[in-house]
Amino acid sequence: MGSYRPAWAPDVVDLEVPSAARMYDYYLGGSHNFAADRQLAEAALKAWPDTPYMCRANRAFLRRAVTFLAESGVDQFLDLGSGIPTAGNVHEIVQAVRPEARTLYVDCDAVAAAHGKALLRDEPNAAYVQADLRDPDAVLASPEVKDLLDFSRPVAVMMLMTLHFVPDADDPIGIVTAYREAVAPGSYFVFTHGTNEYRPANTGGITKVYENASHGIVPRDRAQIQALAAGWDLLEPGLTDVILWRPDPAELEDDPLGGDVARYSTFAGVGRSG
Ligand SMILES: C[S@@+](CC[C@H](N)C(=O)[O-])C[C@H]1O[C@@H](n2cnc3c(N)ncnc32)[C@H](O)[C@@H]1O
């Protein structure tokens, strides 16, 4: 007997192949995931029990970075590998600061795109495109991108918890560079990336689990992650642990993992193009 297919699941989705997007949704307590996603997510939690904290810290960084950029005058956001909509979506954060700001979400996952499109149906300043971020020409040529974003003015290009799904063979540095070259000077690059810098044995475990998911994970060390941001001038404090990028002091004081950066094993940064 096949798996139960809820009404919101597009027909093209293979319910038996665990998806990185829907596993992430599960870690965050969302409901847009299937039995196969939950089963593999549970295996990932055995390999790295702090994963849900890591995901929440990543979303908290997203909120801090996006708020900072909106307050600095940025009013266009291109969120690549944006995932299934969840609490604190980018367009909601930016529009609280700049109601006219525009947000374009891109993800290859069919459930993320279906849910995102439904959510944004009546939202004139945001759209969701199902596309592969590894093909910058195709992403940038899509009608939704052309309609919504003005590339003669700065854009915040976002890749959070996404580049570790792009293997070296797909040239992640080249991909980031292509987006940088497409945007106007004064644009920004906002990113987070899982790292094997602190606990190589555990990251090896989670990498093994994700061999059975839609996307394999490629944890990288600090120098390799720094190299992904080549050509962007990193704002203070540079490439840093996700909870330490311009932290909210109260949040840091109440940190559920006691501020232990190794348990997060995620680096974050915000760069500006010259
Ligand atoms: C861990 S989630 C991160 C979601 C969101 N960026 C965040 O930080 O909360 C990673 C997302 O990247 C997407 N992704 C991975 N590889 C991709 C690709 N080549 N093109 C588009 N999306 C991709 C996955 O589908 C998934 O939704």
Side-chain angles (χ1 to χ4, degrees), residues 10 12-14 17-30 32-34 37 40-41 44-45 48 51-66 77-93 103-116 128-140 142 144-145 156-172 174-176 178-179 189-195 206-207 209-210 213-219 228 242 245 264-270:
V12 291
V13 175
D14 183 344
V17 179
S19 130
R22 300 192 304 263
M23 290 167 71
Y24 185 70
D25 176 68
Y26 178 71
Y27 304 138
L28 285 172
H32 289 87
N33 47 72
F34 309 122
D37 305 316
L40 199 64
L45 289 172
W48 197 286
T51 300
Y53 296 106
M54 184 196 279
C55 298
R56 274 179 233 132
N58 177 60
R59 296 298 301 183
F61 162 76
L62 178 149
R63 180 181 44 72
R64 297 195 303 277
V66 165
F77 292 78
L78 175 59
D79 188 4
L80 299 161
S82 45
I84 294 171
T86 182
N89 291 304
V90 174
H91 74 284
E92 295 159 348
I93 299 169
T103 306
L104 200 290
Y105 297 101
V106 176
D107 204 287
C108 58
D109 186 88
V111 168
H115 192 46
Y128 210 111
V129 177
Q130 185 179 357
D132 191 325
L133 68 88
R134 293 172 301 174
D135 189 349
D137 289 346
V139 169
L140 296 169
S142 73
E144 292 89 343
V145 172
V157 178
M158 305 176 58
M159 293 195 205
L160 276 74
M161 289 286 207
T162 294
L163 279 168
H164 53 226
F165 292 116
V166 180
D168 290 347
D170 289 344
D171 188 18
I175 292 169
V176 176
Y179 287 106
F189 179 44
V190 184
F191 63 102
T192 54
H193 194 301
T195 184
I206 202 154
T207 304
V209 170
Y210 270 78
S214 59
H215 295 81
I217 282 196
V218 191
L228 294 173
V242 67
W245 193 92
Y264 289 103
S265 282
T266 303
F267 286 130
V270 177

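Values below: every heavy atom of this structure, side chains too, minus hydrogens, waters and symmetry copies. Each ligand, and each atom within it, is numbered from 1 in the order the structure gives.
At least one donor-acceptor pair closer than 3.5 Å links the side chain of R59 to the backbone N or O of G88. A donor-acceptor pair is defined here as one N or O able to donate and one able to accept, closer than 3.5 Å; such a pair exists between the side chain of Y179 and the backbone of L133. Distance alone, capped at 3.5 Å, places no donor-acceptor pair between the H215 side chain and the F165 backbone.
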Before giving the answer on side-chain hydrogen bond (donor to acceptor under 3.5 Å, both in side chains), spell out for Y128 and H115 the whole-Å C-alpha distance, their side-chain angles and the decisive distance to 0.1 Å.
CA-CA 9 Å; Y128 210 111; H115 192 46; over 6 Å; no
Test side-chain hydrogen bond (donor to acceptor under 3.5 Å, both in side chains) on N58 and Y24; report intermediate values, then the result.
CA-CA 11 Å; N58 177 60; Y24 185 70; 2.9 Å; yes
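Seen from the ring of F61, R64 does not count as a face-on cation partner, given the 6.0 Å and 45° thresholds.
Within 4.0 Å of ligand 1, heavy atoms belong to protein residues A21, Y24, N58, R59, G81, S82, G83, D107, C108, D109, A131, D132, L133, R134, L160, M161, T162, F165, H215.
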